[in-house]
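Worksheet: one structure, shown below.
Predicted model, so just to flag it, every value in this text is computed and none were measured.
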Amino acid sequence: MTLADMPAELGLFPLREVLLLPRGKLPLNVFEPRYVALLEDALAGNRLVGMIQPRDDAMEDEGSDGVDDGDGENPFPPLYTIGAVGRVTSLTERADGTYAVTLTGLARFRLLRETGLHRGYRRARIDVSSFACDLTDGADLFFDRSRMLTALRRYCSLRGFGTRWNVIDQMDDETLLITLPMICPFPAAEKQALLESASLNDRAQTLQTLLELAGHEPGDDASDPPSA
């Protein structure tokens, strides 16, 4: 797809601490009725969904499973202004009407304004014109891969994460810079910083900094890698 193929309006799937990057693949379990409706509408059209995070200052804390916990005052929390367009590239429909899907990231978008609810889910006008590099980025990568993997090993060791190092070692540089930000359980603001990095090289610098800072922390509790 090209940027010209991207829609001007898109259904939104807000999930905290869940990151979709261009060319990344994100598995999701879709079971809440409004997001089942979002997925059904996407499948009936262009198969595109807008993944975006609620802001850290949102009054309502939507969990990583997409279900409101009911404790907040606002069931539709304010959102970050940058998200990612994902295309449904794999789908399994369960007998109970829920879905297991995989979204493939296409390009980031800027949220211009929300246009209201449709079948319970939020829709918004978006602009992808600032993110042409998402369709071409990947050439001329320069970062210290060995230093990054050293920082990753320390980060995982401090938190007790089991890691398939043979798989990570076999990833090419671009895949590494797409996969690690998506699977590392960083807080929402740090996930957003990775998403908003201008290029893959900028993302590599941000990721390196986050891993090294986290690697010096005294092993705080952390959640499992994100899924939804």
Worksheet entry | salt bridge (Lys or Arg N to Asp or Glu O under 4.0 Å) between E114 and R123, worked out | CA-CA 6 Å; E114 294 195 45; R123 293 185 61 85; over 6 Å; no

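- Using a 4.5 Å cut-off on side-chain heavy atoms (C-beta onward), R34 and R119 make no contact.
- Although no hydrogens or angles enter the test, the distance criterion places no donor-acceptor pair under 3.5 Å between the side chain of T175 and the main chain of M171.
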Practice prompt. List the steps and the verdict of salt bridge (Lys or Arg N to Asp or Glu O under 4.0 Å) for E212 and R154.
Written response: CA-CA 8 Å; E212 290 180 346; R154 178 169 175 78; over 6 Å; no

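- Note: F13 and Y35 have parallel aromatic rings, judged against thresholds of 30 and 60 degrees for the angle between ring planes.
- Side chains of K25 and T102: a donor-acceptor N/O pair is absent below 3.5 angstrom, by distance only.
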Worksheet entry | Trace of the side-chain hydrogen bond (donor to acceptor under 3.5 Å, both in side chains) decision for D127 with S129 | CA-CA 6 Å; D127 176 29; S129 62; 2.9 Å; yes

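- Taken from CG in D134 to CG in L200, the straight-line distance is 8.5 Å, to the nearest 0.5 Å.
- The side-chain hydrogen bond (donor to acceptor under 3.5 Å, both in side chains) search around Q205 returns none, not counting sequence neighbours.
- In this structure the side chain of Q53 never reaches within 4.5 angstrom of the side chain of V18, judged on heavy atoms.
- The closest side-chain donor-acceptor pair between S199 and N201, if any, does not fall under 3.5 angstrom.
- Annotation for L38 and L12: closest pair CD2-O, 3.4 Å, computed over non-hydrogen atoms.
- Ring to ring, F76 and Y121 are not that close: their centroids are 6.0 angstrom or more apart.
- One side chain, T98 or D96, offers a donor N or O that lies under 3.5 Å from an acceptor on the other.
- Although no hydrogens or angles enter the test, the distance criterion places no donor-acceptor pair under 3.5 Å between the side chain of R203 and the main chain of S197.
- A 4.5 Å side-chain heavy-atom check between L28 and Y99 finds every atom pair outside the cut-off.
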